[in-house]
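Notes to accompany the following structure.
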There are 2 protein chains.
Amino acid sequence: MRLNHLCGVLCGLVVLGLVGVTRAQDKLPSWNDGAAKKAIIAYVENVTRENSTEFIPVDQRIATFDNDGTLWCEQPMYTQLAFALDRVKEMAPQHPEWKEKEPFASLLKGDLKGALAGGEKAIAEIVMATHAGMTTTQFEQIVKDWIATAKHPKFNRPYTECVYQPMLELLTYLRANGFKTFIVSGGGIEFMRPWTEKVYGIPPEQVVGSSIKTKFEMRDGKPVLVRLPQLDFVDDKDGKPVGINSHIGRRPVAAFGNSDGDRQMLEWTDASGPKGARLMMLVHHDDADREYAYGAESHIGTFSDALMKEANDSGWIVISMKNDWKRIFPDQ
Amino acid sequence: MRLNHLCGVLCGLVVLGLVGVTRAQDKLPSWNDGAAKKAIIAYVENVTRENSTEFIPVDQRIATFDNDGTLWCEQPMYTQLAFALDRVKEMAPQHPEWKEKEPFASLLKGDLKGALAGGEKAIAEIVMATHAGMTTTQFEQIVKDWIATAKHPKFNRPYTECVYQPMLELLTYLRANGFKTFIVSGGGIEFMRPWTEKVYGIPPEQVVGSSIKTKFEMRDGKPVLVRLPQLDFVDDKDGKPVGINSHIGRRPVAAFGNSDGDRQMLEWTDASGPKGARLMMLVHHDDADREYAYGAESHIGTFSDALMKEANDSGWIVISMKNDWKRIFPDQ
């Protein structure tokens with residue numbers, strides 16, 4: 001039986017070897033072997049193979065990612081709103097008038113619902129009070145200090161550790177294949193830039209977001225940019241293609257989102273080239289156990305039935321958090 | 001005399017070898033060996049040497065360049081204005097009302113001075129009539145078609161060949177040393193992006209400029225961005241640091257300009273770190289024979305006495321086109 005034995009050893013080695021190769025080549029280890037993972041790999045292999053009819057030159061490999069709900073957790077409230085609320089509490093001693101003035105009065109009593117009853121106007125007041133009036137350098141430091149210490153209320157860990165491990169792997173996989181990765185978020189551009197390079201490997205110049213106006217000034221003989229309480233640009237919905245055009249100046253070939261706010265970005269990407277050369281994906285939050293389950297009825301990250309229909313009709317891929325992701329956060 | 005002979009041969013080889021090394025290492029061959037060239041090389045070697053006290057990590061090596069008058073010729077008029085005037089002539093048959101309406105009436109009679117007598121308002125009208133009303137894709141094609149055929153009136157060659165060879169070498173030298181090069185220009189962002197990658201090696205996402213507003217729309221079921229006749233942002237003077245902050249999100253460590261429009265960009269760069277770790281340079285057009293000589297009194301590219309004083313006081317380096325540059329354009 002020496003021959004059989006030898007064969008067994010060889011077969012064992014071959015199997016081990018193949019497993020080794022497969023594991024070494026698996027750039028998306030936190031993704032289950034489902035349709036979403038297969039689609040990503042098929043797409044990347046197709047558009048980067050030089051003799052492919054859908055080959056995309058390196059300089060045109062632009063991939064855009066929404067942030068809230070796509071790269072990190074957006075429940076139970078947008079992280080930037082949590083930041084703003086903490087800022088209101090910290091700034092309150094310098095603003096005695098807030099005790100009588102909405103939305104601040106409700107906020108300081110811990111009544112978030114009451115504070116937000118004023119709708120967009122109330123949110124804008126909170127944002128301007130907490131995000132304007134200082135220089136860009138000062139604001140950057142405020143964000144860095146907060147993000148280093150604040151913790152997510154459910155997961156009890158820094159917000160920057162409430163990022164999705166499968167998406168981190170996707171970012172790395174795309175970059176390894178020559179893609180330039182951008183964030184295109186409704187969130188504040190200067191709220192994201194202080195930490196996106198460290199957390200996502202995305203440098204400040206590849207972050208697109210909403211903004212308030214800034215003004216150049218000389219203070220004590222030194223130039224500063226002062227953040228003004230005036231809206232500059234809203235990088236959401238219709239605004240996403242506008243922001244992409246303004247900041248990137250080319251159309252993405254791949255785009256990733258999770259809500260109605262990302263619809264136009266995906267449409268803009270989809271229509272920019274042949275089907276096989278474009279990849280559009282939406283993260284669906286259907287995992288109440290490991291993260292959150294929400295969608296059509298949610299006020300945050302609304303994933304309407306109309307969006308689901310458009311995704312199905314257009315061949316956009318819906319990622320099921322529950323079924324497609326082996327794990328959610330980096331250290332799980 | 002065999003020893004002497006041998007020595008002569010060896011010395012000759014050594015000299016030849018050294019010359020060879022020097023030539024091979026000269027990354028700025030179109031620059032004369034003056035103070036400007038020395039300053040560039042000393043700066044780059046200093047901030048890229050790991051044990052230097054002024055060492056700058058690669059991700060922070062941001063260099064910004066004005067375009068008109070810094071990277072390409074801006075006389076006898078801004079190239080973008082020449083483009084707009086050609087567009088007016090081409091569009092005139094569809095606009096019979098222009099025969100009676102200023103500034104178009106004067107323009108169509110060939111009276112540029114009369115047309116521009118209306119000042120900024122007249123220029124804005126010309127710009128909006130020629131730069132708005134089409135989709136971004138259509139405008140890109142219009143620019144590409146024009147830039148491929150239009151010629152500079154003095155040099156009788158395409159505008160894209162009226163770029164400065166010494167500055168092309170500087171861009172390449174900086175990139176070879178890990179710098180990311182950006183354009184920060186008062187010119188239209190979408191007027192530059194169609195050709196900057198080919199001409200300067202600067203991709204669209206690294207071009208910052210002035211802009212008009214765009215609007216996302218569905219036309220025949222396809223998404224488009226329509227260019228609106230509304231000013232969005234003026235990337236000049238005070239606007240340059242604002243544009244840099246918005247698009248790049250970090251402060252440059254090196255900045256290059258040629259006029260009062262670049263003053264704030266250089267101040268913003270200068271104040272962002274220690275003197276030895278920052279490089280600020282201004283191209284001075286003092287070469288009437290090979291290009292143009294203009295400065296304090298010019299309406300285009302004004303280089304005021306106040307700017308010259310600030311440059312001297314601040315240790316910014318003024319490049320003399322006449323003395324610092326061996327040649328001006330690529331094929332000279």
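Letters A, B, ... are given to chains in the order of the sequence lines, protein chains preceding strands, and every chain is numbered from 1. No hydrogens, no waters, no symmetry mates; every other heavy atom, side chains included, goes into these values. All values derive from a computational prediction rather than experimental measurement.
Of residues 263-275 of chain A, those residues lying under 4.5 Å from chain B by any heavy-atom pair are Gln264(A), Glu267(A), Trp268(A), Ala271(A). The interface of residues 132-146 of chain A with chain B, defined by heavy-atom distances below 4.5 Å, comprises Thr136(A), Thr137(A). Along residues 221-231 of chain B, the residues that come nearer than 4.5 angstrom to chain A, judged on non-hydrogen atoms, are Lys222(B), Pro223(B), Val224(B), Leu225(B) in order of number. Proximity to chain B among residues 308-318 of chain A is not found for any residue, judged by heavy-atom separations below 4.5 angstrom.
Contacts with chain A were tallied for Gln206(B), Arg193(B), Lys213(B), Met218(B); Arg193(B) has the most, counting heavy-atom pairs under 4.5 Å. Highest contact tally toward chain B, considering only Arg251(A), Lys180(A), Lys237(A), is held by Lys180(A) [criterion: heavy-atom pairs under 4.5 Å]. The candidate from Ser246(A), Gly209(A), Ser211(A), Pro203(A) with the greatest count of non-hydrogen atom pairs under 4.5 Å with chain B is Ser246(A).
Between Ile244(B) atom CD1 and Phe216(A) atom CZ the span is 9.5 Å, to the nearest 0.5 Å. Note that the CD atom of Glu205(B) and the CD atom of Glu205(A) stand 10.0 Å from one another [nearest 0.5 Å]. Once rounded to the nearest 0.5 Å, the distance linking NE2 of His247(B) with NE2 of His247(A) reads 5.0 Å.
For Glu217(A), no part lies near chain B; criterion is any non-hydrogen pair under 4.5 Å. For chain B, the nearby part of Phe182(A) is the side chain; its heavy atoms alone come within less than 4.5 Å. Contacts of Lys240(B) with chain A are absent, with no heavy-atom separation under 4.5 Å from either backbone or side chain. Proximity to chain A (any heavy atom under 4.5 Å) is restricted, for Ile189(B), to the side chain, taken from C-beta onward. With a 4.5 Å cut-off on non-hydrogen atoms, Asp238(A) touches chain B through its backbone and its side chain both.
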